[in-house]
Amino acid sequence: MGKALAYARRNPGLAAAIALGLAARLAILLFYLATHQWQVKTWEPEAIARNLLSGQGYVFSYHGTSYKSAYVPVFPLLSAGLHALTGPGFIAYYLFQLSSAALLIWLVYACAERWFGRGAALPAAWLAAFEPGLVLYQSYTVEVTSLSALLLLASLYTFHAAKESPAPKRWLASGLLMGLGALSRPDIIAAWIAPLMNLVLERGRAAAWKAAAWTGLGIFLLVGPWALRNLLIHHRFMPFSSLPGEILWVGNNPKSTGTLWTQEGRPQIFEAPADLQARIEGGGELANLDDYHEAAVRFIAADPAAFLMRCARSFVSFWWFPPRFGAGKYYTWLPPSIFSGYKLLYGGLLLLVLLGAASALAHPSSRAVALSMTAAALGVALIHCPTYVEGRHRVLVMPILLIFAARGGVLCWTKARKT
């Protein structure tokens, strides 16, 4: 955080972006709380945190079963730690979230400056300060998406900084960040592509193998203990979560829409066939994992072409908008016109992203980092293709997109000035 403040002092434009970006997030937070009787919206990991503090352990009641490995540990442990220090309220969490938002704006600036030059840095910071998805997920909501986005970008930044100044501790730090990211959201394993891609680009040279080894060690030091804990509890290799079967089924069942919701707006899990619902309720954590997985695989095997079409639909939804976007499921407290405006804004932004990415990939000096950025973003998208997509999933890679968009915007501005 000290380095971020030093950057801000040397650059008033960055300081203004951080200050105004935080003001926007605080305004959204206060507006949400004021329109919801000052009640905080929480999700399942918060319930795990409360159970930890009450002595019940790392458990979550779901489908009539006490799940012990439903969610990866970073966010529940963070929430439990903050509650242990400051009590049952959420002031400490919101302060943490606003601090994380400031750090992300600075990191976007730092990445754009290091990778694409100073000209792209400040536009990238301002985009990060006011991109609506980031503003929402770094303001009112008590969940892990914004932290995961920060960890994904931080791991890529650290990895490429280590390439410029190789040292085992730098590679190790990048691996630790990648492992921490994966334990916040498993789809952040897309960041693991970076060391593998480095091996390919460097043609397996000794330095590349060393980088991969130290980075892999960092990942293992964090993910390994969680996987071992799950193995000891369930007697089955389970590196992250016990929910992949259900997640796969949500995207592959007769009522699948590519989201968590049916066409009628009901949660997918409430629309399961009666026989599956009967087995799931009280069936046990591992049995439920298997039952959901088997039902999804049967559905996929019955029509593989339809499965590929669903994957294609999810891929498009990831980069554009999922079905029922703005239909009022989560954001009834926002004016509907905001969603139409955001689509227009994002459409223009996406054009700049494509331009900036193409330019970076074409330039030898930026090709390696642009490949890592592109691979990480595509990796997150592809992970969701067989399952489902919601808007928060793109938030994970939004900082990467904004850095590319800033480069694209600078190219457009430079060309316009010359004509």
For this session: Anything under 30° is parallel, anything over 60° is perpendicular, the rest tilted; go ahead and classify F315 against W319.
Result: perpendicular

Hey, would you say the [X] and [Y] ring centroids sit under 6.0 Å apart?
X    : Y    : answer
H393 : Y388 : yes
Y62  : Y67  : yes
F321 : Y342 : yes

Exercise. When you check the gap from the basic side-chain N to the acidic O, do D290 and R236 get nearer than 4.0 Å?
Worked result: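 Looking at R236 together with D290, the answer is yes, because their closest N to O distance falls below 4.0 Å.
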
Problem set entry | Ion pair E143/K41, N-O distance below 4.0 Å |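 A salt bridge is absent here (no side-chain N lies under 4.0 Å from a carboxylate O).
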
Problem set entry | From L401 atom CG to L352 atom CG, the distance as rounded to the nearest 0.5 Å |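 Reported value, rounded in 0.5 Å steps: 11.5 Å.
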
For this session: Any chance you could measure I403, atom CD1, to E113, atom CD, to the nearest 0.5 Å?
Result: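 Those atoms lie 11.5 Å apart.
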
For this session: For the pair W171 and F159, evaluate ring pair (Phe, Tyr, Trp, His ring centres under 6.0 Å) and give the outcome as yes or no after the intermediate values.
Result: CA-CA 6 Å; W171 299 118; F159 182 82; 5.1 Å; yes

For this session: Begin from the C-alpha positions of F31 and W38 and carry the test ring pair (Phe, Tyr, Trp, His ring centres under 6.0 Å) through to its verdict.
Result: CA-CA 9 Å; F31 177 78; W38 300 94; over 10 Å; no

Exercise. Cationic tip of R394 within the cone over Y346's six-membered ring, i.e. under 6.0 Å and within 45° of the normal?
Worked result: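 Positive - R394 is close enough to the ring of Y346 and near enough to its axis.
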
Exercise. Is NZ or CZ of K68 both nearer than 6.0 Å to the six-membered ring centre of Y58 and within 45° of the ring axis?
Worked result: no

Exercise. Counting distance only, does the side-chain N/O of T42 pair as donor-acceptor with the main-chain N or O of E46 below 3.5 Å?
Worked result: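 Checked: no pair found.
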
For this session: Start with the C-alpha gap between H83 and F90, add the side-chain angles, then the distance that decides, and say whether ring pair (Phe, Tyr, Trp, His ring centres under 6.0 Å) holds.
Result: CA-CA 8 Å; H83 287 313; F90 289 91; 5.3 Å; yes

